[in-house]
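The block underneath contains the structure these notes are about, expressed in structure tokens.
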Number of protein chains: 2
Amino acid sequence: MIFTTKAEYGVRLLVELGRQSQRHPVSLKAIAEAEGLPLAYLERIVALLKRAGLVESTRGAHGGYRLARGPAAIAMDEVVLALEGTVAPMECFVDDRAGGGRVLCSHHDDEGRGCATKLLWTRVQAGVLKTLGQTTLAELVDFDARQRPRERADATATATTAA
Amino acid sequence: MIFTTKAEYGVRLLVELGRQSQRHPVSLKAIAEAEGLPLAYLERIVALLKRAGLVESTRGAHGGYRLARGPAAIAMDEVVLALEGTVAPMECFVDDRAGGGRVLCSHHDDEGRGCATKLLWTRVQAGVLKTLGQTTLAELVDFDARQRPRERADATATATTAA
DNA sequence: CCCAATCCGACCGCGCTGGTAGGATTAGCC
DNA sequence: GGCTAATCCTACCAGCGCGGTCGGATTGGG
């Protein structure tokens with residue numbers, strides 16, 4: 001498993017936010033019900049997105065969340081990095097955002113010379129990051145819209161009806 | 001962390017096997033000492049590689065393991081798949097080698113329609129698999145050889161001396 | 001003032017990873 | 001034929017991170 005549900009839920013949350021243009025903020029409760037996800041857990045996830053400056057929040061009564069930028073300006077590498085903390089193929093690749101090498105595989109020789117596997121993991125990591133960077137939230141919102149034929153008339157919960 | 005140490009150790013093991021042309025088989029003990037890895041754990045890992053037909057074994061006295069094919073004919077996607085069982089970005093992507101869709105994200109609507117995230121994870125998975133498939137064991141062995149300047153004269157263990 | 005919402009921290013069960021232990025089996029060698 | 005070195009196999013275990021919950025503090029609209 002490359003990603004945890006943090007990435008899954010977080011991306012779903014952003015897609016949901018992207019669907020409602022922006023106007024009034026959307027409450028987590030609405031999203032949780034719409035996607036069938038645990039509210040309390042979503043709270044912690046959205047906190048990560050907020051800290052990364054991807055969403056903005058309004059507190060109090062009719063508060064909620066909205067995207068900080070347009071969906072087309074949000075690339076998924078930034079999203080996943082914010083949610084997962086790092087996208088490293090291996091323990092020794094915890095580059096903690098510096099962008100350097102930092103390959104210190106404990107096992108191996110004594111000095112931190114490159115393992116043979118370093119070549120492999122480097123390629124994989126670069127590939128993943130590139131793929132993520134090339135996909136924008138706008139694409140996902142678009143894809144999602146085409147996946148749901150009906151809807152909009154049944155109004156399952158208070159998502160679209162309230163306010 | 002995309003991969004576990006199974007992949008790390010397994011690849012190291014193969015690189016080590018690739019270094020010793022083939023002639024006589026190499027014992028796990030020699031590899032464990034050379035790489036500083038726990039022998040008992042390596043046993044379980046090499047079993048996965050054997051089951052996948054990547055290495056062959058000789059039992060008894062001067063037994064050990066050798067590559068089943070030349071290093072250039074071993075691509076890393078096959079290796080990692082054998083070691084990790086699957087390379088799925090998400091739980092719902094456990095395609096169990098069938099190659100189909102099988103995306104049944106529990107949360108979501110009711111029927112197994114594609115999540116919006118499906119698009120993303122599909123791209124990532126394809127990217128990783130492609131990267132792995134384009135790297136051969138021969139490349140890693142080569143890379144490893146250039147990373148070690150000296151050696152070959154000190155003979156740390158019984159790896160090259162015995163027999 | 002009440003209620004709906006964001007915020008925040010502590011807590012917790014479970015499964016998997018990484019590793020160990022012990023033994024059975026196979027085969028070269030004296 | 002026995003000793004020994006190796007593969008093979010199964011069960012066991014500690015630690016930890018993931019997924020999730022709970023309770024409460026804070027903020028702000030009506």
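Any value given below was found using the heavy atoms of this structure, including those in side chains, with hydrogens, waters and symmetry copies removed. By convention in this document, chain letters (A, B, ...) are assigned in the order of the sequence lines, proteins followed by strands, and residues within each chain are numbered from 1.
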* To do: Evaluate the side-chain contact (heavy atoms from CB on, under 4.5 Å) criterion for residues L67(A) and L137(A): first the C-alpha distance (whole Å), next the side-chain angles of each, then the deciding distance (0.1 Å), finally the verdict.
  => CA-CA 10 Å; L67(A) 297 178; L137(A) 180 59; 3.9 Å; yes
* Asked: Do R44(B) and dT17(C) share a donor-acceptor pair, side chain to base, under 3.5 Å?
  ->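 No pair found.
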* **No-H, no-angle donor-acceptor pair, R59(B) side chain to dT7(D) base, under 3.5 Å** =>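 Answer yes: a donor N or O sits under 3.5 Å from an acceptor.
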Does [X] place a side-chain N or O at less than 4.0 Å from the phosphate oxygens OP1/OP2 of [N]?
{"X": "K50(B)", "N": "dC8(D)", "answer": "yes"}
{"X": "K6(B)", "N": "dC16(C)", "answer": "no"}
{"X": "T5(B)", "N": "dG18(C)", "answer": "yes"}
{"X": "T4(A)", "N": "dG19(D)", "answer": "yes"}
{"X": "Y65(B)", "N": "dA6(D)", "answer": "no"}
{"X": "S57(B)", "N": "dC8(D)", "answer": "yes"}

Length of the line joining [X]:[atom1] and [N]:[atom2], which is rounded to integer Å:
{"X": "L83(B)", "N": "dG18(C)", "atom1": "CG", "atom2": "P", "value": "12 Å"}
{"X": "H62(A)", "N": "dC3(C)", "atom1": "NE2", "atom2": "P", "value": "14 Å"}
{"X": "L42(A)", "N": "dC7(C)", "atom1": "CG", "atom2": "P", "value": "13 Å"}
{"X": "E43(A)", "N": "dG9(C)", "atom1": "CD", "atom2": "P", "value": "13 Å"}
{"X": "E33(B)", "N": "dA6(D)", "atom1": "CD", "atom2": "P", "value": "10 Å"}
{"X": "L39(B)", "N": "dC8(D)", "atom1": "CG", "atom2": "P", "value": "13 Å"}
{"X": "I45(A)", "N": "dT6(C)", "atom1": "CD1", "atom2": "P", "value": "14 Å"}
{"X": "R51(A)", "N": "dC8(C)", "atom1": "CZ", "atom2": "P", "value": "8 Å"}

* Pairwise 5' ranking along DNA chain D for T58(B) and G60(A), keeping only the more 5' one -> T58(B)
* State whether E8(A) and R12(A) are salt-bridged, where the test is any N-O pair (Lys NZ or Arg NE/NH1/NH2 against Asp/Glu carboxylate O) under 4.0 Å. =>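 Yes, E8(A) and R12(A) are salt-bridged.
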* Residue closer to the 5' end of DNA chain C, L28(A) versus Y41(B) (nearest nucleotide) -> L28(A)
* Start at the 5' end of DNA chain C and walk down; is the nucleotide closest to G63(A) or to A40(A) reached first? ->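 Nearest nucleotide further toward 5': that of G63(A).
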* Does any non-hydrogen side-chain atom of L120(A) lie less than 4.5 Å from one of M76(B)? ->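 M76(B) vs L120(A): side chains touch.
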* Asked: So, the side chain of E139(B) versus the backbone of T136(B): is there a donor-acceptor pair under 3.5 Å, distance only?
  -> yes
* To do: Test side-chain contact (heavy atoms from CB on, under 4.5 Å) on R19(A) and V15(A) and set out the steps.
  => CA-CA 6 Å; R19(A) 276 159 42 85; V15(A) 169; 4.3 Å; yes
